[in-house]
Amino acid sequence: MAKVVVVTSGKGGVGKTTSTAALGAALAQLGQNVVVVDFDVGLRNLDLVMGAERRVVYDLINVTQGIAKLPQALIRDKRLERLALLPASQTRDKDALTEDGVARVINSLKQMFDWVICDSPAGIERGATLAMRFADTAIVVTNPEVSSVRDSDRIIGILDAKTVKAERGERVDKHLLISRYDPARAARGEMLSIDDVIEILSTPLLGIIPESEEVLRASNLGSPVTFNNPSSAPARAYLDAARRLMGEDVEMTIPTEKQGFLGKLFGRRAA
Amino acid sequence: MNLFNLFKRQGTAPVARDRLQILLAYERGSTRGAPDLLAILREEILTAVGRHVEIDSDRVNVRMDRGDKVSTLEVDIEIPNTVRMAPGGGRRKRAVPAHRSAS
């Protein structure tokens, strides 16, 4: 049974698109059939982060309006066939997206893939609510910073109220993905700690993505960080998070760039 | 900053955590159906006073401070001494400042 995942946050710039690309790629690397869907109509960027910006012909709105067939709009990743992208429209206005249209597209995608990962736009407007509307699972991307945590709290409230699952009296499975985390600053008390964020949002943790230069390097190249440098700290963090999404029990660690003394001492499970 | 702080060199994260906890406790209440008591009080106090005297909105000062355990609402309404109280109240238009009705 295919799973529909929404990657959301409320606040912009916290790493939704980066995380959608990295988790989608990581799941594909782990053998899953994955499609990542960009819901950011008018400001699409998932195509760019995935390195497919020059291959976009049709988009999500074209499909919902019947102008293009779904297979025509899907862009298969050149590095890994199992991974596909459904881009957002860059030109249409966001009201062109309808609930019925999105429902039809998501249902078709569920027949074709194991995972349908929806990259939500920032905010709490139509695009964001439609991206989460049909989700079974939500990944709330949060930076350890006050405005991001507040907006995540708001989004968690909306996930519990405005999704199809919530309206049926069921629960969307919610997970926190804390990104741009700096363990050294947190240890000095300069940054909210992981425990602080989990306690405030009372939502279970999917993963901790350390602040890293690798993320920008990967997006410069149009390659999800798990493809570009699989042994880097953020890539390992995303791969661990992907395993947890698949139901594996993976010990929660904060990967570091270089294998330090502690890392050598305690070792790491082979990826 | 006192000397104690100099030696302790505490980070700012605990402040962030406390501010968030207070704010979110309030926002969760107000966005999930529970009425915001302070906002209701503010409205009702201003309406009640406004029934008897004309309130100049420039001379009303409302301050709220939501704390962890206790919140405070401070309503500071300036009423000129020249105002004659409307007899019986309830009819706002009657509450005309004395100096104007005299002219």
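Sequence lines set the chain letters: A, B, ... in the order given, protein chains first and strands last, and positions in each chain run from 1. These numbers come from a predicted model, not from an experiment.
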Legend entry - Side-chain donor-acceptor pair present, Thr20(A), Asp119(A), cut-off under 3.5 Å: yes
Legend entry - Greatest number of heavy atom pairs closer than 4.5 Å to chain A - which of Val15(B), Leu24(B), Thr12(B): Leu24(B)
Inset, instruction - May I ask you to say whether Asp136(A) pairs ionically with Lys3(A), meaning some side-chain N is under 4.0 Å from a carboxylate O? - result: no
Inset, instruction - Name all residues meeting the salt bridge (Lys or Arg N to Asp or Glu O under 4.0 Å) criterion together with Glu145(A); count only those two or more places apart in sequence or in a different chain, and write none if there are none. - result: none
Inset, instruction - Decide if atom CZ of Arg150(A) counts as having more than 12 heavy atoms of other residues, nucleotides or ligands within a radius under 6.0 Å. - result: no
Inset, instruction - Enumerate by number any residue of residues 170-180 of chain A whose heavy atoms lie under 4.5 Å from heavy atoms of chain B; in the absence of such residues, state 'none'. - result: none
Inset, instruction - First locate atom CG of Leu73(B), then atom CD1 of Ile45(B), and finally report the distance between them rounded to the nearest 0.5 Å. - result: 5.0 Å
Legend entry - Heavy atoms from other residues, nucleotides or ligands near CD of Gln21(B) exceed 12 (cutoff 6.0 Å): yes
